[in-house]
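Counting convention: from 1, in listed order, for ligands and their atoms alike. The residues of the chain are indexed from 1 along the displayed sequence.
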Amino acid sequence: MASTDYKFEGWLGHDPSSVKGNMKWGEFEPKKWDEDDVDIKISHCGVCGSDTHTLSSGWGPTPYPCCVGHEIVGKAVRVGKNVKSVKVGDRVGVGAQADSCGTCADCKNGNEPHCFNGVNTYGSLYKAPKERKSMGGYATYNRTPSRFVVKIPDGLDSASAAPMLCGGITVYSPLKANGAGPGKRVGIVGVGGLGHFAVLFAKALGADEVVGISRKKTKEPEVLNLGADRYIATDDDKDWDKNNARSLDLIICTASSAKMPMDGYLKLLAVGGTLIQVGAPDGGELPPINAFTLIFGGIKVGGSAIGTPREIEEMLKLAEEKKIHPWIEKRSMKEANQTILDLEAGKPRYRYVLCNEE
Ligand code: NAP
Ligand code: ZN
């Protein structure tokens, strides 16, 4: 048991204008303590595209005030009596999910991200008798049930590990589940935070070829530097879909626009290929998909949500073993508002990580 005389404070969104640089620093109540919980003194928190969708209420009404941030790393400072997996002083992390019912078929099958009663790390309600909002990691402290708290391997620095907890796992999970590895040619649509992890992990898993697919030609040198074998610029390469038709087995789509050229992406798939959508547009709206593209191509379209705590641990181990270095830019926690504006402007190369000063 450690001292509990600390305050939970963080950047709070009070209305949709918070995404325009209007989060306000303030105190908040975490979930009610119970003996399965872990309190974390946050050292780092990555800045995910989902944070902006939530601040703006783009996915539906956000329960303001809301403290976003779900790529949390820090030190365990208080650990419940029932917790076996973590001890005070451990370096730990929390991704985008903070709890699940633990009893439904999906939880029992190890598919916690699909639990109907799952609790997101921010903007969800913990169920009675513990009813309290979940609050995220643009903050000093975080409280999360231990089932969703993972240990950070010694070989990974905290700033690099933080964005893997959502950005990394969201692409690692579908890459792994869909056989990205030797014998597979993998395309990554949208080389942003998630997409850059997808390039790194697809290479680490041994895919035959990894192709970055973004809009502008200007990103090409960076994406090749990340380790991609090839690059397609959908705004700038003439006839990009025809010229690269049927050249990929798997596409992970991290872009989240209702206007993106989905039919063109699908034409890049070889017969039997699969596109997995992970980018989550406001309102859930995707571009229309032409049935003949699916039928004639013999292709599949699916989706994937984050990953389980076990997959997160597996990914962190792989990142440690393969010495995966994400491209991050550290910012002071004080600069959270400007950082959100810069993310919205597409400036990160490729993930901002907010750091609390010691
Ligand atoms: P990000 O860093 O902003 O990257 C998004 C990328 O999408 C950009 O780099 C951009 O690539 C591309 N893009 C943006 N607008 C586009 C358009 N109109 N057409 C085509 N491409 C476009 O964001 P992120 O953190 O990677 O998050 C990406 C998405 O994943 C968000 O919607 C986020 O909410 C979602 N997400 C989903 C899950 C899940 O469980 N499924 C988990 C985490 C995040 P270029 O500029 O290079 O073209
Ligand atoms: Zn996220």
> Calculate, to the nearest 0.5 Å, the distance between atoms OG1 and CD1 belonging to T254 and I188 respectively.
8.0 Å
> If you have a sec, work out which protein heavy atom is nearest atom 33 (C) of ligand 1 and how many Å separate them, to one decimal?
S50 OG, 3.6 Å
> With side chains defined as the heavy atoms from C-beta onward, is the minimum distance between M135 and F8 less than 4.5 Å?
no
> Under 4.0 angstrom from ligand 1, any heavy atom of Y352?
no
> Within a reach of under 6.0 Å around CD of Q338, are more than 12 heavy atoms found that belong to other residues, nucleotides or ligands?
yes
> Strictly under 4.0 Å, does any heavy atom of A280 approach an atom of ligand 1?
yes
> Under 4.0 angstrom from ligand 1, any heavy atom of H196?
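No, H196 has no heavy atoms under 4.0 Å from ligand 1.
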> Is it the side chain, the backbone, both or neither of A255 that has a heavy atom closer than 4.0 Å to ligand 1?
both
> For K219, take its heavy atoms, then give the atoms of ligand 1 lying under 4.0 Å from any of them.
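It comes down to these atoms of ligand 1: 9 (O), 11 (O), 45 (P), 46 (O), 47 (O).
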> Ignoring hydrogens and geometry, is there a side-chain-to-backbone donor-acceptor pair from E320 to G155 under 3.5 Å?
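Flag set: sc E320 to bb G155 pair under 3.5 Å.
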> Without swapping roles, check the side chain of E329 against the backbone of R331 for a donor-acceptor pair under 3.5 Å.
no
> Tell me: protein heavy atom nearest atom 29 (C) of ligand 1, and distance?
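Answer for atom 29 (C) of ligand 1: T254 O, 3.4 Å.
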> Of the non-hydrogen atoms in L12 and E27, which two are nearest, and what is the gap between them?
CD1-O, 3.9 Å
> Just heavy atoms, cut-off under 4.0 Å: does S214 contact ligand 1 by side chain, backbone, both, or neither?
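Both backbone and side chain of S214 come within 4.0 Å of ligand 1.
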> Under 4.5 Å between any side-chain heavy atoms of Y265 and T234, yes or no?
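Sidechains of T234 and Y265: in contact.
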> For atom 4 (O) of ligand 1, which of G192, A305, S256 has the closest heavy atom?
G192
> Can you name the atoms of ligand 1, numbered from 1 with element, that are less than 4.0 Å from a heavy atom of G190?
11 (O), 12 (C)
> Which ligand 1 atoms, with their elements, are less than 4.0 angstrom from a heavy-atom of S304?
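Those atoms are 39 (C), 40 (O), 41 (N).
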> When you check the gap from the basic side-chain N to the acidic O, do E311 and K176 get nearer than 4.0 Å?
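No salt bridge links E311 with K176.
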> Among protein heavy atoms, which lies nearest atom 25 (O) of ligand 1, and at what distance?
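That would be R351 NH1, 2.6 Å.
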> So, is P348 polar-close to ligand 1, with some N/O to N/O distance under 3.5 Å?
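N/O-N/O distance below 3.5 Å does not exist for this pair.
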> Just checking, R246 and F296: is the charged tip under 6.0 Å from the six-membered ring centre and within 45° of the axis?
yes
> Quick one: nearest non-hydrogen protein atom to atom 1 (P) of ligand 1, plus distance?
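Heavy-atom neighbour on the protein nearest atom 1 (P) of ligand 1: G193 N, 3.9 Å.
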> For H53, which part has a heavy atom under 4.0 Å from ligand 1: side chain, backbone, both, or neither?
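Near ligand 1, H53 shows its side chain, while the N, CA, C and O stay back.
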> Any N or O on G49 sitting closer than 3.5 Å to an N or O of ligand 1?
yes
> How wide is the angle at the Zn ion (ligand 2) between NE2 of H70 and SG of C48, to the nearest 10°?
120°
> Could you check atom 14 (C) of ligand 1 against the protein and tell me its nearest heavy-atom contact, residue, atom and distance included?
R215 NH2, 3.3 Å
> Please identify which of these residues, K216, R215, K217, meets the side chain to side chain donor-acceptor pair (under 3.5 Å) condition with D235.
K216
> Near W59, which atoms of ligand 1 are under 4.0 Å from a heavy atom of that residue?
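Counting atoms of ligand 1 from 1, those under 4.0 Å from W59 are 34 (O).
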> Identify, by atom number and element, the atoms of ligand 1 in contact range of Y265, meaning under 4.0 Å from any of its heavy atoms.
20 (C)
> For ligand 1, which atoms, with element, lie under 4.0 Å from some heavy atom of M260?
19 (N), 20 (C)
> Considering only the protein, which heavy-atom contact is closest to atom 43 (C) of ligand 1, and what is its distance?
C166 SG, 3.3 Å
> Under 3.5 Å, is there a donor-acceptor pair between the side chain of N142 and the main chain of I40?
no
> Could you see which bit of F197 sits under 4.0 Å from ligand 1, with heavy atoms only: side chain, backbone, both or neither?
neither
> Does this structure show an ion pair linking D90 with K151, if we count only N-O contacts that are shorter than 4.0 Å?
yes
> Considering only heavy atoms, does K216 approach ligand 1 within less than 4.0 Å through its side chain, its backbone, both, or neither?
neither
> Work out which heavy atom in M164 is nearest to a heavy atom in M315; give both atom names and the distance.
O-CE, 3.2 Å
> Can you measure from OH (Y231) to OG (S214) and round to the nearest 0.5 angstrom?
4.5 Å
> Write out the residue and atom name of the closest protein heavy atom to atom 26 (O) of ligand 1, then the distance separating them to 0.1 Å.
L194 N, 2.8 Å
> Does R185 pair with D208 as a salt bridge, N-O distance under 4.0 Å?
no
> For atom 42 (C) of ligand 1, find the nearest protein heavy atom and state the residue, atom name and distance (0.1 Å precision).
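Nearest neighbour among protein heavy atoms for atom 42 (C) of ligand 1, to 0.1 Å: T170 OG1, 3.1 Å.
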